[in-house]
Protein chains: 2
Amino acid sequence: MPPLPVTVDSVILTVLEGTLQVLLVRRMDSPFVGLWALPGGFVRPEEPLENAAIRELRESTGVDEVYLEQLYTFGQPQRDTRGRVVSVAYVALLAADRCPIKPQRLEAEVRWWPVYELPELAFDHGAMVEMSLQRVRTKLEYTTIGFQLMPEAFTMAQLQSVYEVILDRSLDKRNFQRKLSLLGLVEPTGDVRKEGRGRPAQVFRFRDVDFVHLRERGIHVPF
Amino acid sequence: MPPLPVTVDSVILTVLEGTLQVLLVRRMDSPFVGLWALPGGFVRPEEPLENAAIRELRESTGVDEVYLEQLYTFGQPQRDTRGRVVSVAYVALLAADRCPIKPQRLEAEVRWWPVYELPELAFDHGAMVEMSLQRVRTKLEYTTIGFQLMPEAFTMAQLQSVYEVILDRSLDKRNFQRKLSLLGLVEPTGDVRKEGRGRPAQVFRFRDVDFVHLRERGIHVPF
DNA sequence: GGAATAGTGTCTTTCAGACAATATGTT
DNA sequence: AACATATTGTCTGAAAGACACTATTCC
């Protein structure tokens, strides 16, 4: 049976300027020249799929230590107009403060786009973004996946804001903090931070840096 | 970039004789001759991935209308000793009464194996089975995926038994029935069935034949 | 009547969800 | 003192989880 070209494409997400944003690159080659697309590329002959995703990630962002999760494999014969290409899509979550790419460089060839104001995307990349949003929203409720988008130290307001941005709805401050402290996943660093002219906020850090499946601990977290 | 051979492998599950069973075929060719493996094969040049999975399913079971869901894509370079092969794994759920393959044909080259007593499997198929069990168990709690394993008409005891077999623990009869009737997903057909020498059981059918994401309806179903 | 299986109801505890007042800092 | 932001507690309703008895049929 003839082999098929295999690519990886990554939906790289971050929270920047109060919105969930995805990294896109402008296509320089045919097909879809000039359209925006997810960063991706061909898998090398001896390269594990995940390594290919990490490599593409490093090439497009300069970062290589991020949360990475396989999303889905897209293999419709017509998804690439040049001929059949199978693409393994990944989702990456990147804390904004660890990313060298600055926001809103409108003329750049690589930039963040707010997920609710996307341009037309090449290939089936629109479907990939859509699926990744669903995945992240769902996992936000029963894992600590959201923590991957936070800096090491943060205030409760910042953390809640990230959850609100991803879920696209507002949350009750009191219920949010109650659940979070009930989970015991964060602890105060002892510092405080002055955000404006109000009362300074306590600064927190995560106890477990690692990804945690709350459901496997019998915990459900409907924020 | 050189293309790669792409296969699909299916973890086909059913509940038979009170256990969760997976369909395996004995390998006739190198590598791993004589070992058991998941049914699978190469994707054809113009064939969508899911169609390839359906085709392999039909070839191994004779059935082609089943619940089918993409599981994960395995692409470690060493997973096939002949050279690199990327495999897209699928999970299929098959109602036992719709399957022509009979249980316990010990000498056969294609047979059901209880998932808790598996032989050594070829390639990384053991990992595929493991991952599919996790997936199915998780989805059992917030979707109607379990219904795919039931015949059209069934008793409550049968339905509960399927849940117990998959989750590998016993459930409370009263709580199970309460939740199920609360969901409104089943209705009595009006018939009764004599299972042995006790009181006859009511026969039920599903209202929605289709797969339902209960979470999208705001429902959580921790059986 | 005894055995086998089906079917049903209550109580307790936990937690999600809605809701408002107080505390601590800046200007 | 006015303002801004942070922090904390209560009540209610829903449902998960534990638990035991009654109903119907066959022998």
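The sequence lines fix the lettering, A, B, ..., with proteins before strands; numbering per chain opens at 1. Only this structure's heavy atoms are used, side chains among them; waters, hydrogens and symmetry mates stay out. Bear in mind that the values here come from a model prediction, so they are computed numbers and not experimental data.
The interatomic distance linking A/Arg169 (CZ) with C/dA16 (P) rounds to 12 Å, in whole Å. As rounded to whole Å, 13 Å separates atom P of D/dA16 from atom OH of B/Tyr163. What separates CZ of B/Phe176 from C1' of D/dA16 is a distance of 15 Å, to the nearest Å. In this structure, the CD atom of A/Gln160 is 14 Å from the P atom of D/dT8, given to the nearest Å. The distance from atom CG of B/Leu171 to atom P of D/dC19 is 15 Å, rounded to the nearest whole Å. In this structure, OH of A/Tyr142 is placed 17 Å from P of C/dA16, rounded to the nearest angstrom. As a whole-Å value, the separation of A/Leu167 CG from C/dG17 C1' is 15 Å.
Within the model, atoms CD of B/Gln21 and CG of B/Leu94 stand 11.5 Å from one another, a figure rounded to the nearest 0.5 Å. Annotation: the span from A/Ser10 atom OG to A/His125 atom NE2 amounts to 10.0 Å, rounded to 0.5 Å.
In the interface, the side chain of A/Arg199 is not paired with the base of D/dA4 through any donor and acceptor atom under 3.5 Å apart.
Here the options are B/Val110, B/Val66, B/Leu23, the test is side-chain contact (heavy atoms from CB on, under 4.5 Å), and the partner is B/Thr61; only B/Leu23 passes. Across B/Leu118, B/Thr14, B/Ile12, a single residue satisfies side-chain contact (heavy atoms from CB on, under 4.5 Å) together with B/Val22, and that is B/Leu118. Here the options are B/Glu50, B/Gln148, B/Lys139, the test is side-chain contact (heavy atoms from CB on, under 4.5 Å), and the partner is B/Glu69; only B/Lys139 passes.
Heavy-atom distances to DNA chain C give each of B/Gly198 and A/Leu182 a nearest nucleotide, and the one nearer the 5′ end belongs to B/Gly198.
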Table of protein N/O atoms under 3.5 Å from nucleotides 8-14 of chain C N/O atoms:
from: C/dT10; atom 1: O4; to: B/Arg178; atom 2: NH1; distance (Å): 3.3

*asked:* Go through it in stages, so that I can follow the logic: the residues are B/Ile166 and B/Leu149, the test is side-chain contact (heavy atoms from CB on, under 4.5 Å), and I'd like the CA-CA distance, side-chain angles, deciding distance and then a yes or no.
replied: CA-CA 10 Å; B/Ile166 295 174; B/Leu149 293 163; 3.3 Å; yes
*Would you check, one step at a time, whether the test salt bridge (charged side-chain N to carboxylate O under 4.0 Å, His left out) holds for B/Arg205 with B/Glu152?*
CA-CA 6 Å; B/Arg205 74 167 80 89; B/Glu152 277 194 25; over 6 Å; no
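A sub-4.0 Å separation between OP1 or OP2 of D/dT24 and a side-chain N or O of B/Lys194 is absent.
Nearest to the side-chain atoms of A/Arg197 among the listed nucleotides C/dG7, D/dA16, C/dT27 stands C/dT27.
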